[in-house]
Each structure stands twice: as structure tokens, then as C-alpha cells.
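Contents: one structure, followed by commentary.
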Amino acid sequence: DELLDMPNPELRRYLKANRMSAKDEKALKEARRRKKNREYAKKARSKRLAKQSDIRATHSSVKSENERLRGEVATLKAANSTLASKMDRLQAFLTQHLGPEKANRAVVKLEL
């Protein structure tokens with residue numbers, strides 16, 4: 001197990017000093033490669049899970065902001081509707097009391 005964790009330069013020196021059979025050396029190298037692959041896979045899974053967590057947090061934040069903005073849009077639509085009906089009543093009042101031509105001129109001035 002110590003040989004699996006040994007840095008490459010040290011391992012090369014060790015293998016040079018302590019002759020191993022080609023079969024044992026090949027098995028050692030494969031075991032080291034498998035161990036490194038497991039470590040890389042573990043690190044990749046960890047990164048992927050962290051990224052997913054960040055995406056979920058962002059999604060939640062954006063969803064909340066979207067709901068807030070939808071509420072704001074509904075409020076503004078209601079206010080716009082109220083103002084439009086007031087404008088219609090005012091225009092009807094002006095038309096009734098001033099006549100259509102003067103009422104239209106007065107409304108144009110109000111819109112500016």
C-alpha cells in the first residue's frame with residue numbers, strides 16, 4: 001500500500017533498487033493507475049455535486065425573483081386598468097360638458 005502512494009520519482013528509484021518481476025511491476029502500476037482514477041472520479045463527483053448545488057440555489061433565487069416580478073406586474077396592470085377607467089370617465093365627463101371637440105383637445109393636453 002505504501003508503494004501505491006509513493007511519488008513517481010521515488011517509485012522509480014525504489015524499483016531500480018529492488019528488482020521486481022515484470023508481472024509484479026505491471027500489477028503495481030495498474031493498481032496505482034486504478035487508485036488515481038478512483039481519486040480523480042471522486043474529485044469529479046464532488047465538483048459535479050457542488051455545481052449542481054450552486055445551480056439549485058441560483059434556480060431558487062431566480063424563481064423567487066420571477067414570482068416577485070409577476071406580482072409587481074399584476075399590481076401595475078391593476079393600477080393601469082384603474083387609471084384607464086378614470087381616464088374614460090373623465091373623457092366622458094368632458095365630452096358631456098364641453099362637447100366632443102373641446103373634450104378631445106383637453107384630453108390631448110392631459111396626455112402631454
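Not measured: the values here are computed from a predicted model.
When side chains are defined from C-beta on, L28 does not count as touching E25, because their heavy atoms never get closer than 4.5 Å. Between K63 and E67, the closest side-chain pair of non-hydrogen atoms falls below 4.5 Å. Counting heavy atoms from C-beta on, the side chains of R32 and N8 come closer than 4.5 Å. Side-chain contact check for R48 versus R45: some heavy-atom pair is nearer than 4.5 Å. Counting heavy atoms from C-beta on, the side chains of L94 and K102 never come closer than 4.5 Å.
K16 approaches R19 most closely through the heavy-atom pair O-NE, 4.4 Å. Closest approach of A103 and L98 over heavy atoms only: N-CB, 4.4 Å.
To the nearest 0.5 Å, atoms NZ (K29) and CG (L3) are separated by 12.5 Å. Separation of atoms NZ (K77) and CZ (R70) is listed at 10.0 Å; rounding is to 0.5 Å. The OH atom of Y14 sits 8.5 Å away from the CD atom of E2 when rounded to the nearest 0.5 Å. In this structure, CE in M6 is found 9.5 Å from CZ in R13, a value given to the nearest 0.5 Å. Taken to the nearest 0.5 Å, the OG atom of S85 stands 10.0 Å off from the CG atom of N80. L90 contributes atom CG, which lies 9.0 Å from atom OG1 of T95 (distance to the nearest 0.5 angstrom).
Listed for the S53 side chain is no donor-acceptor partner under 3.5 Å among the backbone atoms of L49. Within the 3.5 Å criterion, the main-chain N or O of I55 finds no donor-acceptor partner in the side chain of H59. Between the S60 side chain and the R56 main chain, no donor and acceptor come within less than 3.5 Å of each other. Judged by distance alone, with hydrogens and angles left aside, the side-chain atoms of S61 form no donor-acceptor pair with the main-chain N or O of A57 at under 3.5 Å.
Between R105 and E101 there is a salt bridge, with a side-chain nitrogen of the basic residue lying less than 4.0 Å from a carboxylate oxygen of the acidic one.
Heavy atoms of other residues, nucleotides or ligands lying less than 6.0 angstrom from CZ of R68 number more than 12. Under a cut-off of 6.0 angstrom, the local environment of CD in E65 is crowded, with over 12 non-hydrogen atoms contributed by other residues, nucleotides or ligands.
Judged purely by distance below 3.5 Å, without hydrogens or angles, the side chains of D24 and S21 pair a donor atom with an acceptor atom.
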